[in-house]
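Written out below as structure tokens is the structure these notes cover.
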Amino acid sequence: MEVFATSATPSSCPHFLISNFHSNPKSPSIKTTPQVLKWKCLPLGVVEARAKFSLMCARTRSIKRPISYGGTDGSSKQDLLLGPIRRFNRSFVSQFGLFSASYSNLKEKLKLRRRAGSLYKVINCPEKFRQHVFVRFVVGVMVVMSVSVSVSKVPSWALTEENLLFLEAWRMIDRAYVDKSFNGQSWFRYRENALRSEPMNNREETYMAIKKMLATLEDPFTRFLEPEKFKSLRSGTQGALTGVGLSIGYPTKIDGSSAGLVVISAAPGGPANRAGILSGDVILAIDDTSTETMGIYDAAERLQGSEGSSVKLTVLSGPEIKHLDLMREKVSLNPVKSRLCVVPHSGKDSPRIGYIKLTTFNQNASGAVKEAIKTLRDNNVNAFVLDLRDNSGGLFPEGIEIAKIWLDKGVIVYICDSRGVRDIYDTDGSQAVATKEPLAVLVNKGTASASEILAGALKDNKRAVLFGEPTFGKGKIQSVFELSDGSGLAVTVARYETPAHTDIDKVGVIPDHPLPTSFPNDEEGFCKCLQDPASACNKVELFAR
């Protein structure tokens, strides 16, 4: 009753009422033909009052004599009651195209044979009651009509190719994203609202709609990649990319102020290396755009591009500012640099330290680390230094494989979702290469992602001593998905905990000891530092446990 009453409006009432509902051609006191009249929109109180009157009549009538199923004309009481219903159904279907209630269902619901006394009382009630005894049935029909009218008014549209691309991106986030609350919003409702309100008339507008959708997650690591950027990212993890051959780190500070992005390394033989750019140089601008507040993802995208295209760099090298025009080309990236450092010492047992700098986790990383260890061992090293400073990560599986090189057994990392631990990566020592020599690991705020997984595993398993400053604190793992048009999505699919069940997200891996600010950043500077008895390197007990 409430649904019906609230659905009617003074100006328009889409419902109908059946007059003389019990019409019977054999009964002279009742009209012979039921009529379909427009429903008079009554206040809720009036409708309830009429319904209560019918119920009161049914309660006060008493049965004084036996009940016979046959009528005086030979018809049954069922026919007397249900005949008009059948005629109403046929008339209603022909006029309004709606399905009527089946006779068998009505018979079952009314339970005619088991409730004959009730039917007798109904049939012998006053005319006023007979006109309203089926008010529930009428209201039910009207509610069905109201629903059908409202459904017919829902707008419908054909999904365009742009809509389908948007939905493809939405489904990937829906299935893979780690936070199933989607930053506290209804993900399904966002989809419906976006399809109605966001312009998607061309590919550029669709890309903008996808980026706007991802922005609602407030996750800087879940991002959209246009086809060229997706291609560059994939080629970079495979050990080669088209660019100028620079590996850059998080913003550094010069003279107490944020100045730009620091150069971690320049690929040997690449455009940047030939132009004289060195480790420690600072990129101040890319194509006349300042890097002072530029993130490394944005900077990397600007440095990469099509082969043969050019990019302008403003570089601070020592006290000198250089303006360089570099031509992009395909550059092979070697993720590892190594060096044997011999510390001056009296006698035959002079410390021989193998320095390994790991700059990224691409497909060549674990193989390159194994090769560096083998080469250094051939030179009789008795300790290792693994430098992970300004290594912003890369392929998660490569981080796991490199951890197995150093560990004889133990958990490497726990993979977790919103419900807790869902997977464990560990090692039994079968792939170990260097488990005995003392190991020192160098980290800083530029150590992120896969680098933090490796550093945390070596620290918690007591395999290495960590030196430096707290790492970046990226405790989440991303997977990259390709869309049908060649673009892609980098999606946060899980978070992780170190073997000691430490969640390092936004906190980082805490080192065991700090490093002096003057500690060198490359292999050549490190070796020279070790050979100077008065240097900062010799004031740090790298292999103290």
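From a predicted model like this one, the values you see are computed outputs, not experimental measurements.
Ser487 and Asp485 share a donor-acceptor pair across their side chains, judged by distance under 3.5 Å alone. Side chains of Thr160 and Asn163: a donor-acceptor N/O pair is present below 3.5 angstrom, by distance only. Gln478 and Thr222 form no side-chain donor-acceptor contact under 3.5 Å, judged by distance and modelled atom types alone. Side chain to side chain, Ser366 and Glu401 fail the donor-acceptor criterion of an N or O pair below 3.5 Å. Under the 3.5 Å distance criterion, with hydrogens and angles disregarded, a donor-acceptor pair is assigned to the side chains of Asn391 and Ser451. Between the side chains of Ser310 and Asp325, no donor N or O sits under 3.5 Å from an acceptor N or O. Of the N and O atoms on the side chains of Asp426 and Tyr414, not one donor lies less than 3.5 Å from an acceptor on the other residue. For the residue pair Arg352/Asn379, the side-chain donor-acceptor check at 3.5 Å is not satisfied.
Among pairs with a residue in residues 458-507, none fulfils disulfide (SG to SG under 2.5 Å), at least two apart in sequence or across chains. Legend: disulfide (SG to SG under 2.5 Å) pairs involving residues 377-450, not counting sequence neighbours: none detected.
To the nearest 0.5 Å, atoms CZ (Phe472) and CD1 (Ile504) are separated by 9.5 Å. Rounding to the nearest 0.5 Å gives a distance of 9.5 Å between CG of Leu284 and CD of Glu292.
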Report task. Please lay out, stage by stage, how Asp503 and Arg495 fare under the test side-chain contact (heavy atoms from CB on, under 4.5 Å). Result -> CA-CA 8 Å; Asp503 183 354; Arg495 63 179 181 86; 3.8 Å; yes
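A cation-pi geometry, defined here as NZ or CZ lying under 6.0 Å from the six-membered ring centre and within 45° of its normal, holds between Arg191 and Trp170.
At least one donor-acceptor pair under 3.5 Å links the side chain of Asp505 to the backbone N or O of Gly475. In this structure, Thr447 contributes its side chain and Asn444 its backbone to a donor-acceptor pair below 3.5 Å.
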